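Down below is the structure, laid out as structure tokens.
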2 protein chains.
Amino acid sequence: MQISSPELTIAPFLFNHQSVLENLPPTENEALLEFSERKEFPNSAVLFKEGQFPKGAYLLLSGIVRIDATSPQGQRQVIYFYAPGDWMGYRQLLNNQPLPIAATAIGQVETLFIPAPAFEELLRSQRYFARNLLEALSLEFTVWINRLTTFTKLPVRERLAICLLILRDRFSYLNPPVKYLICSRADLADFIGATNETTVRTLSSFRDNGWLTSRGKKITILDPDALASLVGSVSKD
Amino acid sequence: MQISSPELTIAPFLFNHQSVLENLPPTENEALLEFSERKEFPNSAVLFKEGQFPKGAYLLLSGIVRIDATSPQGQRQVIYFYAPGDWMGYRQLLNNQPLPIAATAIGQVETLFIPAPAFEELLRSQRYFARNLLEALSLEFTVWINRLTTFTKLPVRERLAICLLILRDRFSYLNPPVKYLICSRADLADFIGATNETTVRTLSSFRDNGWLTSRGKKITILDPDALASLVGSVSKD
DNA sequence: CGTGTAATTGACTCAACTCAATCCCCGTGG
DNA sequence: CCACGGGGATTGAGTTGAGTCAATTACACG
């Protein structure tokens with residue numbers, strides 16, 4: 001018996017930052033809004049760069065944000081695609097380190113920006129907020145383990161399937177919702193840790209299977225269940 | 001110009017949990033000790049198992065602890081080797097999740113165990129402790145990124161070199177200090193994400209280079225600098 | 001001093017990479 | 001509205017690092 005849906009397939013790879021604002025007393029919610037400001041970004045805008053010290057934390061309100069890290073040798077690794085409800089750039093605020101990652105807007109993006117001093121103040125004075133943040137961070141542990149295991153043990157085919165399902169999920173939160181996703185082959189490749197060519201070839205094979213169509217950067221997932229069961233089939237003993 | 005020492009090579013892969021107890025006011029330190037109890041484990045003892053709910057948090061006082069995760073398909077991934085000063089099992093305490101990992105003693109191990117209710121109480125009442133924990137968790141982010149990039153972009157040879165240098169570091173904290181490290185090929189392989197055979201072959205090649213000697217599980221690193229520069233040489237443009 | 005588990009070696013295979021060429025989308029300017 | 005140019009996407013051919021399967025050897029422990 002094989003249980004695998006697109007939702008179950010991607011769940012192990014997603015942070016759960018939405019919980020940071022859950023069960024927040026009204027006073028803390030107000031404090032948060034009081035200290036914050038709205039910031040918008042056009043497509044491809046850079047929210048923050050690798051190596052910078054963070055100026056504040058971002059709460060993503062709408063749109064998608066890509067996070068990547070580039071090694072000294074110029075190797076790029078796409079780390080994550082953030083969706084509305086996710087917090088960004090706050091970790092290094094907590095420990096005064098330069099950002100190890102860059103954040104780039106995919107399409108139009110709206111955020112709530114909390115400047116560093118305000119964030120510190122919230123953390124000091126707002127008990128539930130601090131606690132929720134601690135929980136959110138501790139939950140990430142499992143996500144990283146899953147990500148590691150995926151890279152180590154799954155072949156490119158499965159990794160790409162997961163990647164596509166994740167992107168499909170992220171794009172589903174857009175308003176208005178879109179039926180396709182937009183992503184360069186290079187971004188796909190750097191997320192799954194494969195070369196451009198291998199990624200293209202694997203994508204072609206998915207297309208041949210009738211699981212998706214593509215036109216340039218625009219990819220339409222036709223059969224998410226097929227992708228999920230491709231990954232799920234790894235689970236069958 | 002190439003800078004690469006064993007220490008610099010492994011730093012990107014190590015948590016910095018020692019900071020959790022730094023700058024703690026005397027009252028908080030006392031509270032911590034009051035609530036905690038000493039627990040010891042013999043070689044190969046299991047501190048906690050995957051799937052269990054955590055009964056408390058462990059602070060490692062002496063010895064080495066191996067952390068691994070096993071996928072539903074039986075694939076094992078070694079996640080980390082903890083050294084004295086590191087905290088274990090506290091993340092799932094914070095979010096009431098079952099442990100995604102198992103912890104096993106490597107050699108004789110001493111820990112300070114803080115039962116769950118006491119840990120919660122400390123967190124609630126001890127402001128600096130909570131804040132330090134938040135910092136420690138946020139610092140892990142960078143470590144995971146580095147781990148990901150390593151797995152994705154570096155060949156087995158480099159991954160094994162890093163693994164050996166990490167183990168060398170962990171074993172250096174033993175009392176009395178030892179000149180060698182003890183680790184099965186399977187553990188090495190599951191840490192670097194390679195097969196047993198590939199790991200053995202790569203190890204043999206290191207031996208042929210005169211960088212180490214081995215006898216069973218006992219591996220003596222003769223030339224850590226050579227291993228470091230092997231990894232470092234990736235950095236040269 | 002056997003005996004089972006772990007380590008090692010060999011032969012073969014294959015997934016994924018590299019290098020190189022060609023094609024196609026898409027924005028620009030005439 | 002269409003030709004043009006450039007970067008991204010695609011395809012092809014050849015190579016190789018790492019995996020699989022199978023056998024042999026070396027420890028470690030009762």
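Just so we're on the same page: letters track the sequence lines, and every chain starts at 1. Please read these numbers as outputs of a predicted model, since none were measured by experiment.
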**OP:** Could you tell me whether B:Arg207 contacts a base, only the sugar-phosphate backbone, or nothing, with contacts defined as non-hydrogen atoms closer than 4.0 Å?
**Re:**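 It contacts sugar-phosphate atoms only.
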
Starting at [atom1] of [X] and ending at [atom2] of [N], how long is that distance when rounded to a whole Å?
{"X": "B:Glu197", "N": "C:dC12", "atom1": "CD", "atom2": "P", "answer": "16 Å"}
{"X": "A:Asp190", "N": "C:dA16", "atom1": "CG", "atom2": "P", "answer": "16 Å"}
{"X": "A:Ile219", "N": "D:dA9", "atom1": "CD1", "atom2": "C1'", "answer": "11 Å"}
{"X": "B:Asn196", "N": "D:dA18", "atom1": "CG", "atom2": "C1'", "answer": "13 Å"}
{"X": "B:Ile182", "N": "C:dA6", "atom1": "CD1", "atom2": "P", "answer": "16 Å"}
{"X": "B:Lys153", "N": "C:dT18", "atom1": "NZ", "atom2": "C1'", "answer": "14 Å"}
{"X": "A:Leu154", "N": "D:dA18", "atom1": "CG", "atom2": "C1'", "answer": "16 Å"}
{"X": "B:Glu158", "N": "D:dG17", "atom1": "CD", "atom2": "P", "answer": "12 Å"}

Subject >> Polar pair under 3.5 Å, donor/acceptor by atom type, side chain B:Arg201, base D:dT20 >> reply: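 A donor-acceptor contact between them is present.
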
**OP:** Give a yes/no verdict on a cation-pi contact between A:Arg159 and B:Phe151, requiring under 6.0 Å between NZ or CZ and the six-membered ring centre and an angle within 45° of the axis.
**Re:**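 Not flagged: A:Arg159 not positioned over aromatic ring of B:Phe151.
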
May I ask you to evaluate whether [X] reaches the phosphate of [N], defined as a side-chain N or O under 4.0 Å from OP1 or OP2?
{"X": "B:Thr198", "N": "D:dG19", "answer": "yes"}
{"X": "B:Arg185", "N": "C:dT8", "answer": "yes"}
{"X": "B:Ser204", "N": "C:dT8", "answer": "no"}
{"X": "B:Thr195", "N": "D:dG19", "answer": "yes"}

Original post:
Hey, does the side chain of A:Arg170 reach the backbone of A:Phe81 with a donor-acceptor pair shorter than 3.5 angstrom?
Top reply: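 Yes, because the side chain of A:Arg170 sits within donor-acceptor range (under 3.5 Å) of the backbone of A:Phe81.
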
**OP:** Please determine if A:Asp187 and A:Arg76 form a salt bridge, counting it only when a charged side-chain N lies under 4.0 Å from a carboxylate O.
**Re:**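 A salt bridge is present here (some side-chain N lies under 4.0 Å from a carboxylate O).
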
Original post:
With a 4.0 Å cut-off, would you call A:Asp190 and A:Arg66 a salt bridge?
Top reply: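 The answer is no: the pair does not qualify as a salt bridge.
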
**OP:** Consider the side chain of A:Arg215, meaning its heavy atoms from C-beta on, and name the nucleotide among D:dA9, D:dA22, C:dC26 that approaches it most closely.
**Re:**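 That would be C:dC26.
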
**OP:** Establish, yes or no, whether a centroid distance under 6.0 Å links the rings of A:Tyr80 and A:Phe15.
**Re:**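 Aromatic pair counts; centres sit under 6.0 Å.
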
